[in-house]
Amino acid sequence: MSSHTAIEPSILYFGTPVVLLSTENEDGTFNLAPMSSAWALGRTVVLGLGREGQTARNLLARPGLVINLPAPHQWPAVERLAPLTGRDPVPPGKAAGCRFEPAKFAAAGLGEEPSHTVRPPRAAECPLHLEARAERIRPDLSGDCVIVETTVLKVHAAPELLIPGTRHIDPAAWSPLIYNFRHYFGLGPELGSSYRTETPRAAAVG
């Protein structure tokens, strides 16, 4: 007999990486928005966004974006963005207390760094930047969100994250910021590695 308890949680963010999305507004300025529904498959990164947000609106008209990945210690910058929106007036579906803020980079305390292949800038202080293009945008089953399939065009990594002399990220040097049931976490110690890894380490499956 199962010892589990059936529950109805209000959210299902069971531990996913946080990203900051840079997109271009209609007037040529730039929006920066946090989200935690992203996953990668090859050079494709799939994003889940609120349908009424400024990011979704921007990508429908201007598909260039940057997927900025903050480090765990940068969670306060992410949280400073959480109650802000680039939409004016604030969409009715936004949480109570959400307010319009046009200068999102400044509000987060992050600098703008020019991108190489898209117009939106990179968040300079984030250790990883993925310049990308939105290729397909479609509604999810609920109708409240959109699913965005992007192609990554260029990757930028802070030098301290790289294994010297290679193109590989050192997994011991990089820890993503994780959104875990509306709380922020980093990674714990390494437990082991996949048989497909190109950066083998001492840890191994016993």
- Query: Is there a path of hydrophobic side-chain contacts, each under 4.5 Å between heavy atoms of I, L, V, M, F, W or Y residues, that connects V19 with L177?
  - Reply: no

- Return the minimal non-hydrogen interatomic distance between K104 and L32, and the atom names on each side. NZ-O, 3.0 Å

- Do the side chains of P102 and T29 get nearer than 4.5 Å, heavy atoms only? no

- Any link between L65 and V46 through a network of hydrophobic side chains (Ile, Leu, Val, Met, Phe, Trp, Tyr) touching at under 4.5 Å? no

- Which of these passes side-chain hydrogen bond (donor to acceptor under 3.5 Å, both in side chains) with Y184: Q74, E79, H73? E79

- Query: Would you find a donor on one side and an acceptor on the other, under 3.5 Å apart, between the side chain of R99 and the backbone of P83?
  - Reply: no

- Query: Roughly how far, to the nearest 0.5 Å, is the OG1 atom of T85 from the CD atom of E101?
  - Reply: 10.5 Å

- Task: State, yes or no, whether a side-chain contact exists between R87 and K94 at a heavy-atom distance under 4.5 Å.
- Result: no

- Keeping the roles fixed (side chain from N58, backbone from E24), state whether a donor-acceptor pair exists under 3.5 Å. yes

- C126 to L20 - nearest heavy-atom pair and separation: SG-CD1, 4.1 Å

- Query: Does R43 CZ have over 12 foreign heavy atoms under 6.0 Å away?
  - Reply: yes

- Give, for atom CH2 of W75 and atom CD1 of I178, the distance between the pair rounded to the nearest 0.5 Å. 15.5 Å

- Message: Any heavy-atom pair between the side chains of H156 and H116 that's under 4.5 Å?
- Response: yes

- Does the side chain of E135 reach to within under 4.5 Å of the side chain of R133, using non-hydrogen atoms? yes

- Task: Determine whether N25 and Q54 make a side-chain contact, defined as any pair of heavy atoms from C-beta on separated by less than 4.5 Å.
- Result: yes

- Shortest non-hydrogen contact from V78 to P34? CG1-CB, 3.8 Å

- Message: Could you measure the distance from the CD1 atom of I147 to the CZ atom of R138? Nearest 0.5 Å is fine.
- Response: 4.5 Å

- With a 4.5 Å limit on heavy-atom distance, are the side chains of L47 and T55 in contact? no

- Task: Taking atom CD of E160 as the centre, report whether more than 12 heavy atoms of other residues, nucleotides or ligands fall under 6.0 Å from it.
- Result: yes

- Note on the structure: Taking every heavy atom of P72 against every heavy atom of G186, the minimum-distance pair comes out as CG-CA, 3.8 Å

- Give a yes or no on whether the backbone of R122 and the side-chain of S22 come within a donor-acceptor separation of less than 3.5 Å. no

- Message: Please say yes or no: joined through hydrophobic side-chain contacts below 4.5 Å, possibly via intermediate residues, are L153 and F30 part of one cluster?
- Response: no

- Out of curiosity, T117 OG1 to K154 NZ, how far, rounded to the nearest 0.5 Å? 7.0 Å

- Spatial distance of atom CG (N180) from atom CZ (F185) [nearest 0.5 Å]: 5.0 Å

- Atom of S37, atom of Y13 and distance for their closest heavy-atom approach: OG-CE2, 3.5 Å

- Is the closest side-chain heavy-atom distance between P176 and L187 below 4.5 Å? yes

- Message: Any heavy-atom pair between the side chains of N68 and L21 that's under 4.5 Å?
- Response: no

- All heavy atoms of S115 vs all of P120, minimum pair found to be OG-O, 2.6 Å

- Message: If hydrophobic clusters are built from ILVMFWY residues whose side chains come within less than 4.5 Å, do L69 and V66 share one?
- Response: no

- Query: Roughly how far, to the nearest 0.5 Å, is CG of L49 from CG of D140?
  - Reply: 10.5 Å

- Report whether W39 and I67 are members of the same hydrophobic cluster (ILVMFWY, side-chain heavy atoms less than 4.5 Å apart, transitive linking). no

- Give a yes or no on this: more than 12 heavy atoms of other residues, nucleotides or ligands lie within 6.0 Å of atom CD1 of I11. yes

- Message: Run the salt bridge (charged side-chain N to carboxylate O under 4.0 Å, His left out) test against R182 and tell me which residues pass, sequence neighbours left out.
- Response: none

